[in-house]
S.K.: 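First the structure, then my questions, so here it is.
As a basis for the values below, the full set of heavy atoms in this structure was taken, side chains included, without hydrogen atoms, waters or symmetry mates. Below, chains carry the letters A, B, ... as their sequence lines are ordered, and counting in each starts from 1.
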2 protein chains.
Amino acid sequence: MAVTLADVAARARVSAATVSRVLSGNYPVAEATRARVLAAVDELDYVINGPASALAAATSDLVGVLVNDVADPFFGIMASAVQSELGSEKLAVVCNTGGSPERELTYLTLLLRQRAAAVVITGSAVETPEYAAASAAKVGRLAANGTQVVLLGRPASAAPEGSVFAVEFGNREGGRRLTEHLISLGHRRIGYVAGPADRTTTRHRLEGHRAALAAHGLGGDAGELGRLTVHGPYTRKSGYDGALELLDREPGLTAVVGSNDAVALGICAALREKGVDVPGEVSVAGFDDLPFSADATPALTTVRLPLQEAAARAARLALGREESPADGRYMVPAELVTRASTAAPRA
Amino acid sequence: MAVTLADVAARARVSAATVSRVLSGNYPVAEATRARVLAAVDELDYVINGPASALAAATSDLVGVLVNDVADPFFGIMASAVQSELGSEKLAVVCNTGGSPERELTYLTLLLRQRAAAVVITGSAVETPEYAAASAAKVGRLAANGTQVVLLGRPASAAPEGSVFAVEFGNREGGRRLTEHLISLGHRRIGYVAGPADRTTTRHRLEGHRAALAAHGLGGDAGELGRLTVHGPYTRKSGYDGALELLDREPGLTAVVGSNDAVALGICAALREKGVDVPGEVSVAGFDDLPFSADATPALTTVRLPLQEAAARAARLALGREESPADGRYMVPAELVTRASTAAPRA
DNA sequence: CCCGGGGCAGAAAGCGCTTACTATGGGAGA
DNA sequence: TCTCCCATAGTAAGCGCTTTCTGCCCCGGG
């Protein structure tokens, strides 16, 4: 039925081994023979059988990409960059984990099953010992299998020693810069709508925020910090709800920081509905600098993360196309982007 | 090194065949035996070898998803919905074609090579005979291989007869409704920033637009239609440039329709820069109703396409989990969403 | 003129699984 | 009590490729 290597070999009057060698190109084949084989491939319209080749070679050309949800531009941009970097040699298997550790583990198992060449795990990790252990075990198993694992936007500490690369985001730094910007504008009471409490990204961004406050003697006690902080998912709705809650708790605040741009947009929407002018009465800032942030009104002050470059690098590391530093970790810098949503508070 | 079926079989004191049958579950196995096998699998931490199983069974559990670019929410949403619908049985291989027919064909070949269980091809097709033929050939080959092909947002006519399902978008209808809305508001000179000229989606949306104009005697001759239409990619920049061009050609226009939301946002940006009030002086409308459209200022009047539902259905059809109508085509309706960016023109 | 070696090509042994096809053992019907 | 048959389990033949090990042939050096 289907054309196989053997058919091509027969037509080219060579052995199957030779055809295989011509196609994978890692063995000397005389020019004339190669041409004959290529011609046969062409004439028969031969398409190599991936599974068979993966079985024999003990590795496939699949690269897993774990994301919370590709529909979220934050992840979509990274997934896209990884995919593009793979070229047409490798295929990207995109898995939506929805941020669930269980699903993450499930997908890692599926990728293990596929003998994936590499896996890029994006997004923050959940910070519980059980999950850390389970995750480390899976990653270790993948590595043992020859699958290169790369963490993208997740601390290297979330993985077992060695054999794993990490491209980390300057979340702490970015969070600090953003809040310093607000402080330098004159803000003193700053609300924060954070992400889910047990995520590395949430913690890092929040730590940066608080470090900036502390550096300016604005931290207050834990109680006050707590009062000015609410947690929720990284969604617009969370920002909306969070802003209302914060306004309720602390009517005097002059700025609210969102854990990401979607949250910030939700905050803006809530303020708008309450008739609070942004940035006239309350400044708002986000994080990530996703494309839509520039078109929002007011345009969002935020922290830019070079997602595309970072993801492309992660892909190259995954494919072994780029040397990694000795400790296997890169830190990608976060850059403050000031736009119209932040301004000095009213006197 | 790695644990294989045989190891599990030995430990469970059964034959490899029995283990295979327990795992794939399509053959009667006595309860006691099954339990023993499952226990062995668990104890040995066995993970089945995907390629080997795909080779033997002549089908893999990969489902291809072709998109222009997953980073674009329009495609990201569909890819996400497909992926989610697959559950944890099948894996989604996401391929960015960048809208290029060549890359589309390349990826189809790669998916053929992988013996993919199904392929969902999203986005508009290029309307040239050569491409149509090449594409049809590839799709035919996939179908012959047992790969179910589903077109999502692309007319069924873009594929060979039978063996292919299509979930089509009501682009023509949506385009018509949108323009009728503008006409009913009183607009008479309406500009249109269309997509690339040779795409099915572009053509359908434009046809809908012109049908509405014609129905109200506003079409004018071909020259006039041409003067009020510019083509470009489906990007924000295209909208920006297009709006400037249209304004230049026809200062008297009171509304501009974008081929999608990103284009519409670009149009808004251009008008804003020119000091033209939206919708006061010129109304603007988009297409797709992507999430950011509601947060733009002014919030965009647009046409909603139920991307998620459509993609989920495409996935179900791909997996054979949903019966398809006799002709294999579904049409998903487009719904007009009126928001702040459109209003009656100045008297 | 003979021998050694390098450059290519072939033979064949798997890779780990699926799935006909073939046993086997007892219970049901005669 | 003897068949017959169903429910299970096992046997073994691949699936289509990669790759190690061999072997052949021809060239250059001695």
Side-chain angles (χ1 to χ4, degrees), chain A residues 1-38 40-41 44-62 109-110 112-117 145-147, chain B residues 1-38 40-41 44-62 109-110 112-117 145-147:
Chain A
M1 180 75 233
V3 178
T4 72
L5 238 212
D7 300 329
V8 175
R11 181 163 244 263
R13 317 192 131 270
V14 295
S15 71
T18 299
V19 177
S20 172
R21 299 201 263 244
V22 167
L23 295 181
S24 50
N26 42 282
Y27 193 85
V29 173
E31 196 43 56
T33 316
R34 154 188 312 281
R36 214 142 31 90
V37 169
L38 258 16
V41 164
L44 295 177
D45 221 356
Y46 172 65
V47 174
I48 197 174
N49 183 315
S53 127
L55 170 59
T59 177
S60 74
D61 41 5
L62 299 178
T109 301
L110 290 179
L112 182 60
R113 168 184 302 191
Q114 296 297 331
R115 303 300 188 257
N145 231 277
T147 298
Chain B
M1 180 76 233
V3 179
T4 71
L5 236 213
D7 300 328
V8 176
R11 181 161 243 264
R13 319 193 127 268
V14 296
S15 71
T18 300
V19 177
S20 170
R21 300 202 262 243
V22 167
L23 295 180
S24 53
N26 43 280
Y27 193 85
V29 173
E31 197 42 56
T33 315
R34 153 189 313 281
R36 215 143 28 92
V37 169
L38 259 15
V41 165
L44 296 178
D45 221 357
Y46 172 66
V47 174
I48 196 174
N49 184 315
S53 130
L55 169 59
T59 177
S60 74
D61 40 6
L62 298 178
T109 301
L110 290 180
L112 182 60
R113 167 185 302 191
Q114 295 297 332
R115 303 302 189 256
N145 230 278
T147 298

S.K.: Please report, rounded to the nearest Å, how far the P atom of D:dG16 is from the CZ atom of B:R113.
M.R.: 16 Å
S.K.: Show your working on side chain to side chain contact (heavy atoms under 4.5 Å, CB included) between B:T18 and B:Y27 and close with a plain yes or no.
M.R.: CA-CA 9 Å; B:T18 300; B:Y27 193 85; over 6 Å; no
S.K.: Can you sort out the partners of B:A57 under side-chain contact (heavy atoms from CB on, under 4.5 Å), two or more places apart, ordered by chain and number?
M.R.: B:T59
S.K.: Which comes earlier along DNA chain C counting from the 5' end, the contact point of B:N26 or that of B:L55, where each point is its nearest nucleotide?
M.R.: B:L55
S.K.: Over how many whole Å does the gap from B:L5 atom CG to C:dT18 atom C1' extend?
M.R.: 9 Å
S.K.: Minimum heavy-atom separation for B:A117 to B:S60, with atom names?
M.R.: CB-O, 3.4 Å
S.K.: Who pairs with B:D45 by side chain to side chain donor-acceptor pair (under 3.5 Å), at least two apart in sequence or on another chain?
M.R.: none
S.K.: Does B:S20 use its side chain to pair, donor to acceptor, with the backbone of B:A16 at less than 3.5 Å?
M.R.: no
S.K.: Can you find a side chain N or O atom of B:S15 that sits less than 4.0 Å from OP1 or OP2 on D:dT11?
M.R.: no
S.K.: When we call it a touch if two heavy atoms are under 4.0 Å apart, what does A:V29 touch: a base, just sugar-phosphate, or nothing?
M.R.: sugar-phosphate
S.K.: Decide yes or no for B:V22 and B:L38: does some side-chain heavy atom of the first lie under 4.5 Å from some side-chain heavy atom of the second?
M.R.: yes
S.K.: Between C:dT18, C:dG16, D:dA9, which one does the side chain of B:T4 approach most closely?
M.R.: C:dG16
S.K.: Counting only distance, no hydrogens or angles, is the base of C:dG10 paired donor-acceptor with the side chain of A:R21 under 3.5 Å?
M.R.: yes
S.K.: Can you pull out how bent the helix from C:dC1-D:dG30 to C:dA30-D:dT1 is, comparing the axes over its first five and last five pairs, to 10°?
M.R.: 40°
S.K.: Does the side chain of A:S20 get closer than 4.0 angstrom to OP1 or OP2 of D:dT18 through an N or O atom?
M.R.: yes
S.K.: Would you indicate which nucleotide in D:dT18, C:dC8, C:dT19 comes nearest to any side-chain atom of A:A30?
M.R.: C:dC8
S.K.: Out of C:dA9, D:dT18, D:dG16, which has the shortest distance to the side chain of A:N49?
M.R.: D:dG16
S.K.: Would one find a side-chain N or O of B:S53 under 4.0 angstrom from OP1 or OP2 of C:dC17?
M.R.: no
S.K.: Expressed as a whole number of angstroms, how long is the span from B:N145:CG to D:dG16:P?
M.R.: 11 Å
S.K.: So B:T33, base contact, sugar-phosphate only, or nothing? Heavy-atom distance under 4.0 Å.
M.R.: sugar-phosphate
S.K.: How close do B:N145 and B:R115 get, counting heavy atoms only, and between which atoms?
M.R.: OD1-CD, 3.5 Å
S.K.: With the sugar-phosphate defined as primed atoms, P, OP1 and OP2, and the base as all remaining atoms, what B/S/- string results for nucleotides 22-28 of chain D, 5' to 3', for protein heavy atoms under 4.0 Å?
M.R.: -------
S.K.: Side-chain contact, heavy-atom cut-off 4.5 Å: A:V37 with A:R34?
M.R.: no
S.K.: Donor-acceptor pair under 3.5 Å: do we get one between B:R36's side chain and the base of D:dT8?
M.R.: no
S.K.: On DNA chain D, does the nearest nucleotide to B:R115 precede the nearest nucleotide to B:A16 from the 5' side, or the other way round? Give the residue.
M.R.: B:A16
S.K.: Of the listed nucleotides (D:dT18, D:dA12, C:dC17), which one gets closest to any side-chain atom of B:A17?
M.R.: D:dA12
S.K.: Output all residues satisfying side-chain contact (heavy atoms from CB on, under 4.5 Å) with B:R13, sequence neighbours left out; order by chain, then residue number.
M.R.: B:R36
S.K.: I need the CZ-P distance between A:R34 and C:dC8, as an integer number of Å.
M.R.: 11 Å
S.K.: What pairs with B:A17 under side-chain contact (heavy atoms from CB on, under 4.5 Å), at least two apart in sequence or on another chain?
M.R.: B:S15, B:R21
S.K.: At under 4.0 Å between heavy atoms, what does A:A58 touch on the DNA or RNA strands: base, sugar-phosphate, or nothing?
M.R.: nothing
